[in-house]
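Order of the sequence lines fixes the chain letters, A, B, ..., with proteins taken first and strands second; residue numbering starts at 1 for each chain.
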There are 2 protein chains.
Amino acid sequence: MGERYLKSIRLLAECMQGFERLSGEHVRKHGLTHAQFDIIATLGNTEGMSYKELGEKTLITKGTLTGVIERLEQKGLVERERSLDDKRSWFIRLTPKGDRMFRDVFPQVVSEGSAVFAHFTENDFAALEQTLSGLKQVIAAGSDS
Amino acid sequence: MGERYLKSIRLLAECMQGFERLSGEHVRKHGLTHAQFDIIATLGNTEGMSYKELGEKTLITKGTLTGVIERLEQKGLVERERSLDDKRSWFIRLTPKGDRMFRDVFPQVVSEGSAVFAHFTENDFAALEQTLSGLKQVIAAGSDS
DNA sequence: TATTGTTATACTCTATAACTATA
DNA sequence: TATAGTTATAGAGTATAACAATA
């Protein structure tokens with residue numbers, strides 16, 4: 001049965017894999033794991049958020065999250081504060097050191113990316129974004145069913 | 001600094017994340033981990049290959065690969081045979097049971113995907129493939145530097 | 001009763017490096 | 001000397017389930 005879309009999925013996977021190969025080196029150089037970088041990147045440029053929200057955004061389950069946040073806290077990269085509204089909940093945010101890490105590592109990963117896209121034209125970007133937006137929407141629609 | 005391409009990367013990541021969310025459930029239902037499914041999927045529809053080749057295709061390092069293959073062998077899903085050409089090397093291939101697993105799990109993941117792409121037209125697919133192919137090439141080019 | 005986060009368990013993946021057996 | 005795979009180590013992520021505190 002000619003699975004017409006399989007080629008697209010394989011391409012998508014290969015693109016992400018290529019990008020992870022490219023960025024992973026920088027992330028590890030700073031002593032971060034993939035999960036830890038996920039958290040740093042998710043917290044970057046925000047006021048902070050709860051475990052629940054972090055878990056939803058990163059797909060890391062709550063039990064795992066406790067450990068990941070703990071290690072980031074030990075490194076002095078994040079800090080926690082009890083929520084005033086709901087005393088069961090915490091607010092996790094980057095410390096100044098965590099913010100520096102975010103601004104250090106992210107642009108490095110990003111500048112590798114920049115080189116990769118150096119000869120993309122404005123039209124190329126527009127086309128890519130439109131295509132991926134459409135793809136994202138059909139995938140999100142599939143998740144509901 | 002307007003990182004023009006960041007939006008594309010974020011979209012790409014969100015697409016893959018959405019797809020993994022969709023497929024991960026089926027993979028786990030069959031008692032496989034992500035890494036194990038990677039191996040099964042890579043060996044599916046092939047004559048088999050060496051650890052070296054498997055490692056290159058899946059990005060799993062050789063030390064890890066020994067363990068992953070071992071667990072798949074214990075489950076009776078893959079079998080190993082010494083290469084005749086090079087006695088240091090092995091050929092790993094799916095067993096009949098492994099092949100059934102491949103044909104069971106893959107189509108399930110895939111049919112979820114099918115639903116997702118149900119209303120894609122031939123032109124949509126062509127556009128998506130062309131865009132992703134271009135993206136893959138620039139990323140691969142970036143890896144060389 | 002339901003939800004937020006913690007703890008405990010058991011397993012798997014991961015990077016790394018030293019090792020063996022072949023080449 | 002170099003390469004294919006193994007073994008050992010230490011750390012980290014994962015699913016799951018029972019639990020405490022709060023809602």
If I take atom [atom1] in residue [X] and atom [atom2] in nucleotide [N], what distance separates them, rounded to the nearest angstrom?
| X | N | atom1 | atom2 | answer |
| --- | --- | --- | --- | --- |
| B/I60 | C/dT12 | CD1 | C1' | 11 Å |
| A/Q74 | D/dG11 | CD | C1' | 12 Å |
| B/L72 | C/dC13 | CG | P | 8 Å |
| A/L32 | D/dG11 | CG | P | 17 Å |
| B/Q36 | D/dG13 | CD | C1' | 15 Å |
| B/R28 | C/dT12 | CZ | C1' | 13 Å |
| B/L59 | C/dC13 | CG | P | 15 Å |
| A/K29 | C/dA15 | NZ | C1' | 16 Å |

Problem set entry | First of A/T61 and A/L84 reached from the 5' end of DNA chain D, by closest nucleotide |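 Closer to the 5' end of DNA chain D: A/T61.
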inquiry  = Return whichever of A/K87 or A/G67 has its heavy-atom-nearest nucleotide of DNA chain D closer to the 5' end.
reply    =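 By nearest-heavy-atom nucleotide position, the 5'-most residue is A/G67.
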Any side-chain donor-acceptor pair under 3.5 Å between B/D124 and B/T121?
yes
Do the side-chain N and O atoms of B/Y51 and B/R88 include a donor-acceptor pair separated by under 3.5 angstrom?
no
Exercise. Is B/K57 atom NZ crowded by more than 12 heavy atoms from other residues, nucleotides or ligands, each under 6.0 Å away?
Worked result: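 Atom NZ in B/K57 is not crowded, with 12 or fewer foreign heavy atoms closer than 6.0 Å.
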Spell out, yes or no, whether B/L77 and B/M49 are grouped together once hydrophobic residues are joined by side-chain heavy atoms under 4.5 Å, including indirect joins.
yes
So does B/R80 pair up with B/E73, basic N to acidic O under 4.0 Å?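 Here B/R80 pairs with B/E73 in a salt bridge, since their nearest N and O are under 4.0 Å apart.
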Sorted by chain and residue number, the side chain to side chain contact (heavy atoms under 4.5 Å, CB included) partners of A/R82 (sequence neighbours excluded) come out as A/W90
Original post:
So, is A/R71 near the phosphate of D/dG13, with a side-chain N or O under 4.0 Å from OP1 or OP2?
Top reply: yes
Contact string for nucleotides 1-6 of chain D, one letter per nucleotide 5' to 3', B = base within protein heavy-atom range under 4.0 Å, S = sugar-phosphate only, - = neither, reads -BBSBB
_Side chains of B/E79 and B/I92 in contact at under 4.5 Å (non-hydrogen atoms)_ = no
Looking across every strand, which nucleic acid part, if any, lies under 4.0 Å from B/T64 by heavy atom: base, sugar-phosphate, or nothing?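 Base: the residue B/T64, judged by heavy atoms under 4.0 Å, touches a nucleobase.
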